[in-house]
Amino acid sequence: MNPLLVPMDTLVDYASITPSHVSDAIEQLLAKARTAIGVAADPSLAPTWEAVVTPLDDASEPLWRAWSIAGHLNAVVNTPELRDVYNKMLGPISEFSTWVGLHEGLYQQYQRLRHAPDFEQWSPARRRVIDLALRDFKLSGVELQGDARTRYALNSDRQSQVSQKFSENVLDATDSWSLVIEDIKRLDGIPEDTLASLKDADHERWTLNLKMPCYLPVIQYAHDRELRRTMYQAYATRASDQGDTNFDNSPLIEESLTLRAEESQLLGFQHFADLRLQTRMADSAEEVIDFLRQLAKRAKPFAERDLTELKTFAKAELGLTDLQPWDIPYASERLREMRYAYSEDEVKQYFTEPRVLSGLFEVIETLFGVRLTPHNLNGWHKDVRAAAVQNDSGEVLGYLILDLYARSGKQGGAWVDSERNRRKRLSTVQTPVIYLTCNFARPQGDWPALLTHDDVITLFHESGHALHALLSEVDEPGVSAFAAVEWDAIELPSQFMENFCWEWQVLQRLTAHIDTQEPLPKELYDRMKAARNFQSGMHTVRQIEFSLFDIQLHNRSQGLSIAEVLTQLDQVREEVAVVRPPSWHRFPHSFSHLFAGGYGAGYYSYKWAEVLSADAFEAFEEAAARSAASAHQTAVSLGALDSDTGMKFRREVLAVGGTRPAAESFHAFRGRPPKMDALLRHSGMLDEATPIRT
């Protein structure tokens, strides 16, 4: 049996999936979905939910589950055979999606549903499914006719191909680069666990690569300045004309921007940013640009101060009179060590992966009233493990599948995706299955993997995304979190969860020294907390640089040449940046968020949602303050781990998914619109401040 064709309520045997299974399943499921759409679009069919929407969901869910699995495997266990079949099926899938969006008969049927006599008596979730579907039909070109309709279909198909090829080039450029070091002295300063992971088992040599578990320790710790420069340049020129030109993404960037501009104009919008913002909290590109510039005005003085301090330190203590971009992570780590008397490598010894995972699960249980227990699963790689999410009565709410280590053939970065959504079926509930993927350094020998504090923050961030789906109480997949929450609010749960990585009570649960098993000492925690906003100004303006570059790139009526793209980036840097990379730097060429990850005209979402998440977390800080002031407080304080506030967040934000606008969910949780105060306070940027509009 084809593992991709098992019933929706059956867990998939990932290890048994072969490339031929992918093509076979997709072809069968596409045919079934097309048939179901033909039936649903019949104007003689009664316009009822049961006659139209339920059969469509029944037919489309297996298709999108199979395609989600295929895409996931292509990202985490990429092989030539799997890549070939994925690309082969990408065309039919894209063509099908475009066909559905342009299906006038189906569009008219949804209009009939919207005007059904009993529509106002439907559940809010079902009414929102119909309203969003009608919006999406219009944004998918359903009202186009003639040549415009044909051009739109061709455009959509080509955009999916360009995006996939961009992603492949970044992966291949990263995987193909290596540097063999035979003189151990060149690796002075690099942590021992990193060196052990890079060492050739049979020879006294070390092979460096551009994956994060190697690249970051080298750029942060290697005393050899020329080695740092070599690594920096290789990483900064991946998939570009300045690196291996076999993987040059320049023409794909140009084509992507041209296709997006054409798509927006076909649909009646001035530019791609206007098109994308139809499904966002922000109303216009001008509003986004104003938001980013206000934040930049606040952050840039702090960033300039950070850089001045770093240059002074580097010159006086490290002899670096001409601080270069490849020196900044190295010098920053030395300054952190001097100022706060700790290094990231020292802290890492306390964050063993088993303890971090156990602590994360404890935090989730405390806040949201659910338990995560190990679950046997036949995964796609030996690294894969799974957990069942259960409520107090032992009922399974969903499954979380984790794949945490970097390896060849796996896309870099960290992300969450879903295999299937929660869905109510008569008297039963289909539970969600969620993937959580990271790229941490793997365990060495018998020792557990060690995570940096940044790794821990990344894990908590992705767990927030996962919980948005796993704790859903949404009955209809059309308004699940990942399907319907506005893109600039989708980061709220993830960025919210990051805050707990700085709480003393939480860190006690997350840490156990690899040698002594002792938790993180309070004295070391205090130094970490003091350093929390170390160079926060520089970090903030860097995110603003990415966001402003993105929105201005897409705030145009036509595409750009690669030279114009780089000029636009230079102009943004002139406005907001404090660090200027070399002329050969090619950041856009590996900016997968923009050109392969769905964040085009939407990267600002990270900063936008950070306002929401900081304000949301402030509710937990307020609860902790009330608890501390209460005469009836318990002997052991849980700090911000307040279960009452956690359950309210679960109820008003996580459980409702996209059944209502994100602004309404936030208001239901906080009792008011969001404010920027908490973000500025958490970032250490409240002094020397002028008010910022939100």
Side-chain angles (χ1 to χ4, degrees), residues 76-80 83 168-249 318 320 324-331 333-334 343-345 348 381-383 404-413 438-447 449-452 455 581-582 584-587 589-590:
V76 296
V77 283
N78 189 277
T79 65
R83 178 182 296 189
E168 289 176 0
N169 282 346
V170 175
L171 174 62
D172 292 344
T174 303
D175 279 352
S176 67
W177 190 93
S178 64
L179 177 66
V180 176
I181 301 293
E182 296 184 340
D183 181 1
I184 186 63
K185 292 181 180 179
R186 294 203 66 193
L187 304 177
D188 283 352
I190 300 174
E192 288 298 324
D193 62 314
T194 301
L195 293 179
S197 70
L198 303 173
K199 189 176 185 300
D200 188 321
D202 301 319
H203 302 87
E204 281 296 306
R205 63 186 182 196
W206 295 259
T207 303
L208 277 52
N209 60 68
L210 297 180
K211 294 185 181 299
M212 281 297 107
C214 172
Y215 177 77
L216 276 181
V218 173
I219 206 75
Q220 279 188 309
Y221 293 105
H223 299 325
D224 188 324
R225 192 184 193 193
E226 187 57 34
L227 178 60
R228 297 199 306 271
R229 186 189 192 283
T230 299
M231 293 287 287
Y232 175 89
Q233 185 163 3
Y235 191 82
T237 58
R238 290 177 302 155
S240 79
D241 59 310
Q242 299 293 309
D244 186 336
T245 55
N246 289 316
F247 310 120
D248 184 9
N249 271 333
L318 305 176
L320 295 172
Q324 296 294 327
W326 48 89
D327 299 322
I328 288 177
Y330 176 77
E333 185 60 19
R334 303 292 80 71
S343 69
E344 289 192 358
D345 188 54
K348 184 170 67 173
H381 189 276
K382 63 182 179 63
D383 294 343
L404 300 181
Y405 308 135
R407 57 178 177 267
S408 181
K410 182 180 179 182
Q411 292 282 1
C438 295
N439 272 275
F440 302 146
R442 62 176 50 256
Q444 296 301 311
D446 296 329
W447 295 97
L450 296 177
L451 307 185
T452 67
D455 289 338
W584 41 256
H585 198 288
R586 291 293 184 268
F587 163 70
H589 292 69
S590 58

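- Taking every heavy atom of both residues into account, Tyr221 and Ile190 meet most closely at CB-CA, 4.0 Å.
- To the nearest 0.5 angstrom, Leu450 atom CG is 12.5 Å from Phe440 atom CZ.
- Remark: aromatic rings of Tyr232 and His585 are close, center separation under 6.0 Å.
- The two residues Arg186 and Asp224 make their nearest non-hydrogen contact at NE-OD2, 2.8 Å.
- Classification of Lys348 and Asp345 as a salt-bridged pair holds, one side-chain N sitting under 4.0 Å from a carboxylate O.
- To the nearest 0.5 angstrom, Asp241 atom CG is 4.5 Å from Arg586 atom CZ.
- Using bins of under 30°, 30° to 60° and over 60° for the plane-to-plane angle, the ring pair His223/Tyr330 lands in the perpendicular bin.
- Contact between Gln242 and Thr237 at its shortest, heavy atoms only, is CB-CG2, 3.6 Å.
- With a 4.5 Å cut-off on side-chain heavy atoms, Lys410 and His381 do not count as touching.
- With a 6.0 Å radius and a threshold of 12 heavy atoms from other residues, nucleotides or ligands, Glu226 has its CD atom above the threshold.
- Across every non-hydrogen atom of Arg238 and Ser590, the tightest pair is NH2-OG, 3.4 Å.
- We find that Arg83 and Asp172 are joined by a salt bridge, their nearest charged nitrogen and carboxylate oxygen being less than 4.0 Å apart.
- The side-chain heavy atoms of Leu208 and Leu227, taken from C-beta on, include a pair separated by under 4.5 Å.
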Report task. List the steps, then state whether side-chain contact (heavy atoms from CB on, under 4.5 Å) holds for Gln411 with Asn439. Result -> CA-CA 8 Å; Gln411 292 282 1; Asn439 272 275; 6.0 Å; no
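- Applying the side-chain hydrogen bond (donor to acceptor under 3.5 Å, both in side chains) test between Asn169 and each of Asp248, Asn249, Asp244 identifies Asn249 as the sole match.
- Of the inter-residue distances, the one linking Thr207 atom OG1 with Asp200 atom CG reads 6.0 Å to the nearest 0.5 angstrom.
- Considering all non-hydrogen atoms of both residues, Trp206 and Leu195 come closest at CD1-O, 3.4 Å.
- Under the 4.5 Å side-chain criterion, counting only non-hydrogen atoms from C-beta, Gln324 is in contact with Arg225.
- A heavy-atom distance below 4.5 Å is found between the side chains of Cys214 and Leu198.
- With values rounded to the nearest 0.5 angstrom, Glu344 atom CD is found 4.5 Å from Glu333 atom CD.
- Here the CG-OG1 distance, from Leu216 to Thr452, works out to 8.0 Å after rounding to the nearest 0.5 Å.
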Query raised in the report: Stepwise, does the side-chain contact (heavy atoms from CB on, under 4.5 Å) test hold for Gln220 with Arg228?
Result: CA-CA 8 Å; Gln220 279 188 309; Arg228 297 199 306 271; over 6 Å; no
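- Pairing each heavy atom of Thr194 with each of Pro213, the nearest pair is CG2-O, 3.9 Å.
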Query raised in the report: Are His203 and Glu182 close enough, and set up right, to give a side-chain contact (heavy atoms from CB on, under 4.5 Å), and what steps lead you there?
Result: CA-CA 9 Å; His203 302 87; Glu182 296 184 340; over 6 Å; no
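- To the nearest 0.5 Å, atoms CD1 (Ile219) and CG (Asp327) are separated by 8.5 Å.
- Here the side chains of Leu318 and Arg334 are in contact, with some heavy-atom distance below 4.5 Å.
- The pair Lys211-Asp175 meets the salt-bridge criterion, with a side-chain N (NZ, NE, NH1 or NH2) lying under 4.0 Å from an Asp/Glu carboxylate O.
- Relative ring orientation between Trp326 and Trp584 is described as parallel, the plane-to-plane angle staying below 30° on a 0-90° scale split at 30° and 60°.
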